[in-house]
Amino acid sequence: MIQRIQSVYLLLAVVALVVAMCSPAGYFVGEGGVASYPFKPLGVEWAEGDFMSTWGLFGILLLSAIIAGCTVFMFRNRKLQMRMTLFNSILLIGYYIAFGVFVSVLQDDANTFQLGWALCLPLVAIILNYLAYRAIKHDDDMVKAVDRLR
């Protein structure tokens, strides 16, 4: 059962989340557009050497990647597998809420924020979780239909 399409979707979600953990989600651009400070999931390092930690975002992405990776191996319990993919999607929606809070707290009048390409990767993971959920549901419906015929 590991070779099913939902396993491919979940593994692609893990890859997307690992790349999102390692890449900056955006940039704070200083006055006049001269300085650029990357906003990574672990934090922002300002020019003065100050480091503002945002480890919560990294934790959410790490937890989500672990859940998606473990969900691949729950093929014997389809109901739990469906619940875990749904929980993972809700967790990633929480990531976007926490990201918005961190950006609004860290942004001041001197800095503007520009989105990075890595910010779309958790959204890709949400879509892949949805596709995996549909495939798991399809398998569950097929098993129920076969059980009815016996």
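Of all heavy-atom pairs between Ser89 and Ile126, the closest is OG-O, 4.1 Å. Minimum heavy-atom separation, Ile5 to Ala135: CG2-CB, 3.8 Å. When every heavy atom of Thr112 is checked against every heavy atom of Gln107, the shortest pair comes out as CA-NE2, 3.7 Å. For the pair Leu92 and Pro122, the tightest heavy-atom approach, listed with the atom from each and the gap, is CD1-O, 3.8 Å. Looking at every heavy atom in both residues, Gly94 comes nearest to Ile60 through O-CD1, 4.5 Å. The two atoms that bring Gly43 and Phe51 nearest to each other are CA-CZ, 3.8 Å, heavy atoms only.
Counted by atom type alone, Asn88 and Ser64 present one or more donor-acceptor pairs between their side chains at under 3.5 Å.
The main-chain N or O of Leu128 is never found under 3.5 Å from a side-chain atom of Tyr133 such that the two would form a donor-acceptor pair. For Gln114 (side chain) and Tyr27 (main-chain N/O), no donor-acceptor pair under 3.5 Å exists by modelled atom type. The backbone N or O of Val101 lies less than 3.5 Å from a partner atom in the side chain of Ser104, making a donor-acceptor pair.
Taking hydrophobic clusters as Ile, Leu, Val, Met, Phe, Trp and Tyr residues chained together by side-chain heavy-atom distances below 4.5 Å, Val15 does not share a cluster with Leu17. By the rule that hydrophobic residues join a cluster once side-chain heavy atoms approach within less than 4.5 Å of another member, Val103 and Val44 end up as members of one cluster. Under the 4.5 Å side-chain heavy-atom criterion for ILVMFWY residues, a single connected hydrophobic cluster contains both Leu106 and Tyr96. Linking Ile, Leu, Val, Met, Phe, Trp and Tyr whenever their side-chain heavy atoms come within less than 4.5 Å puts Ile93 and Phe58 in one cluster.
Here the straight-line distance linking atom CD of Gln81 with atom SG of Cys70 works out to 11.5 Å at 0.5 Å rounding. Note: Leu131 CG to Ile136 CD1 = 11.0 Å, rounded to the nearest 0.5 Å. Taking CE from Met52 and CD from Glu45, the interatomic distance works out to 12.5 Å, rounded to the nearest 0.5 Å. We find the CH2-CG distance between Trp55 and Leu42 to be 11.0 Å, quoted to the nearest 0.5 Å. The structure places NZ of Lys40 at 14.0 Å from CG of Leu57, a figure rounded to the nearest 0.5 Å. For the atom pair CG (Asn77) and CE (Met82), the distance works out to 9.0 Å, reported to the nearest 0.5 Å.
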>> Using the rule given for side chain to side chain contact (heavy atoms under 4.5 Å, CB included), can you reason through Asn111 versus Trp46, listing the C-alpha separation, both sets of side-chain angles and the distance that settles it, and then say yes or no?
In response: CA-CA 11 Å; Asn111 295 326; Trp46 301 104; 3.2 Å; yes
>> Set out, in order, the CA-CA distance, both residues' side-chain angles and the distance that settles side chain to side chain contact (heavy atoms under 4.5 Å, CB included) for Phe75 and Arg4, then state yes or no.
In response: CA-CA 9 Å; Phe75 55 86; Arg4 303 294 296 177; over 6 Å; no
> So Ile67 and Leu91, side chain to side chain contact (heavy atoms under 4.5 Å, CB included) or not? Walk me through it.
Replying inline: CA-CA 10 Å; Ile67 288 172; Leu91 189 64; 4.2 Å; yes
>> One pair to check against side chain to side chain contact (heavy atoms under 4.5 Å, CB included): Ser7 and Phe73. What are the steps and the verdict?
In response: CA-CA 8 Å; Ser7 299; Phe73 299 104; over 6 Å; no
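For Leu86, the side-chain contact (heavy atoms from CB on, under 4.5 Å) partners two or more places apart in sequence, or in a different chain, are Ile90. Take Phe99 and apply the ring-ring contact (aromatic ring centres under 6.0 Å, His included) test, not counting sequence neighbours, and it matches Phe39, Phe113. Checked against side-chain contact (heavy atoms from CB on, under 4.5 Å), Val14 has the following partners two or more places apart in sequence or in another chain: Val18, Ala68.
The shortest distance between side-chain heavy atoms of Leu10 and Asn129 falls below 4.5 Å. Two residues are said to be in side-chain contact when any heavy atoms from C-beta on lie closer than 4.5 Å; Ile66 and Leu62 meet this criterion. Within the 4.5 Å cutoff, side-chain heavy atoms of Met84 are placed close to those of Leu80.
The existence of a salt bridge linking Asp139 and Arg78 is excluded, since no basic side-chain nitrogen approaches an acidic carboxylate oxygen closer than 4.0 Å.
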